[in-house]
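Note that ligands are numbered from 1 as they come in the structure, with each ligand's atoms numbered from 1 the same way. Predicted, not measured: the structure shown is a model, and the values here were computed from it.
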Amino acid sequence: MDKLIVEGGRRLKGKVKISGAKNGSLALIPAAILAPGIYHLENTPNLRDVWTMSQLMNSLGAFCELNGDSLFLDSREINNFEAPYELVKKMRASFYVLGPLLARFGQASVSLPGGCAWGPRPVDLHLKGLERLGATVEIEHGFVKATAKKLKGARFNFDVSSVGATGNILMAATLAEGNTLLTNAATEPEITALARFLVKMGAKIEGIGTTQLEIEGVDELKPVDEITIPDRIEAGTFLIAAAMTQGEIEIQNVNPYHLSSVLTKLEDTGCEIDVTGENIYLKMDNQPEAVDFITGVYPGLPTDLQAQWVAYMLTAKGSSRITDTIYHDRFKHVPELQRLGADIQLIENSAIIEGGKKLSGASLMSSDLRGSAALVLAGLVAEGKTDILRIYHLDRGYERIEQKFISLGASIKRVKTELI
Ligand code: UD1
């Protein structure tokens, strides 16, 4: 198992290229189930979750091969409709194969993902939506088994805005008979990118980018090539890291529109930000102002940057409150940050932070993907060495993270360890 050793106190400076969006890629890959054929998905992030999704696709009979950031995918031979527990437990996004398998083959069996490090994460909306499209859904031996001779278009409202459920039902509806109207659909850029990909494949979808999606089912779709959108969460992580170290960076290959709420917040803390085309320049000369952060559905502040903002506010002047309205228990990073000397109090779904306290390096344990990113960020500003264990969480969602940080001047080493 690998760990990271971060030596704090270096100012980040330089340019860094942002990879393709993990969550974008995890939606595009299973969409290829809908139409047999060959796909080239460019700007695919070469990271663990994408490997898991590729492994899952291969277990269904597809062939996925990732070369650098280019994914070759052949979905012509899919002949197995079951997604096993071993893969689904590693990554909830595996659930995305349910809708497409059902729509194309009339059957799918996908292991229930279960909870995760920060509490229960239901899939009820995925199942209700598919039932609305006429599927019979049963839960047997920990598996969701869905069948339908032919899905039929329907009206469905998501009680809660859900990225995954919107993606799943949207994919299924493209091959359903008749029209489907989805309301309170998620508008996250990764869902909009998925919808655009489906349209390129021949799907008929109106209202893309809004909470109301109208889908007119078609008999078949065709394979196409696509370029994955940039990863707004990786981008946000690097911007926050630069601000924390009072650095100066340019992040490249990003879509600044996807980061609008985050850029405004960073400016509120005192950062100088300049956007040119696909690049964002950030410079921070002072200790940041303390600024509250409340997560929400897009275009609100992403829950996937909540942990990193908690780390950021440890360096701020004064107190701030960070509230997660999407996942109320997503604060596993807090006790680890406290081990560095952070002054954080957890009250319900908020972290109250007294910034500006001295942080001193310690051994920390990652418990989830974005939480681990927060630990790395804190390590960058803590005095001395911070060891971060169980970084397989980090590797799920960041491509070559330590190399990118090193190129910006950070001192980070990846080493093998017996400790788990
Ligand atoms: C996706 C992202 C994840 C991000 C999250 C919220 C992927 C692969 N992952 O996860 O990085 O943190 O969106 O932006 O894209 N809910 C239900 N019933 C359901 C489904 C969800 O009640 O059937 C609730 C959840 O408990 C949560 C909220 O809906 O409170 C949003 O979750 P959702 O958008 O579904 O998250 P994911 O798609 O799993």
Any Lys/Arg nitrogen of K22 or E399 sitting under 4.0 Å from an Asp/Glu carboxylate oxygen of the other? no

For G164, take its heavy atoms, then give the atoms of ligand 1 lying under 4.0 Å from any of them. 35 (O), 38 (O)

Could you check whether R414 pairs with D2 (Lys NZ or Arg NE/NH1/NH2 to Asp/Glu carboxylate O, under 4.0 Å)? yes

Using distance alone, decide if ligand 1 has a nitrogen or oxygen within less than 3.5 Å of any nitrogen or oxygen in T303. no

Is the shortest N/O to N/O distance between I326 and ligand 1 below 3.5 Å? yes

Can you list the atoms of ligand 1 that are under 4.0 Å from a heavy atom of L125? 17 (C), 18 (N), 19 (C), 23 (O)

Cationic N near anionic O, under 4.0 Å, D395 to R390: no

Output yes when the distance from some N or O of ligand 1 to some N or O of E188 is under 3.5 Å, and no in every other case. no

Please walk me through it: do H333 and Q306 pass side-chain hydrogen bond (donor to acceptor under 3.5 Å, both in side chains)? CA-CA 10 Å; H333 40 286; Q306 175 259 108; 2.9 Å; yes

Does D49 come within less than 4.0 Å of R396, counting only side-chain N to carboxylate O? yes

May I ask you to check whether D304 has an N/O atom sitting below 3.5 Å from an N/O atom of ligand 1? yes

Give the atom numbers and elements of ligand 1 that come within less than 4.0 Å of a heavy atom of H126. 23 (O)

Can you confirm whether or not the ring centre of F405 sits under 6.0 Å from the ring centre of F238? yes

Drop me the distance from L130's CG to I169's CD1, to the nearest 0.5 angstrom. 4.0 Å

Check if E190 has a non-hydrogen atom at a distance under 4.0 Å from any atom of ligand 1. no

With a 4.0 Å cut-off on heavy atoms, is R330 in contact with ligand 1? yes

Hits for salt bridge (charged side-chain N to carboxylate O under 4.0 Å, His left out) against R196, two or more places apart or cross-chain, chain-then-number order -> none

Proximity flag P122 to ligand 1, non-hydrogen atoms under 4.0 Å: yes

Please verify whether a non-hydrogen atom of G397 lies at under 4.0 Å from ligand 1. no

Hey, does A165 come in under 3.5 Å of ligand 1, counting only N/O atoms on both sides? no

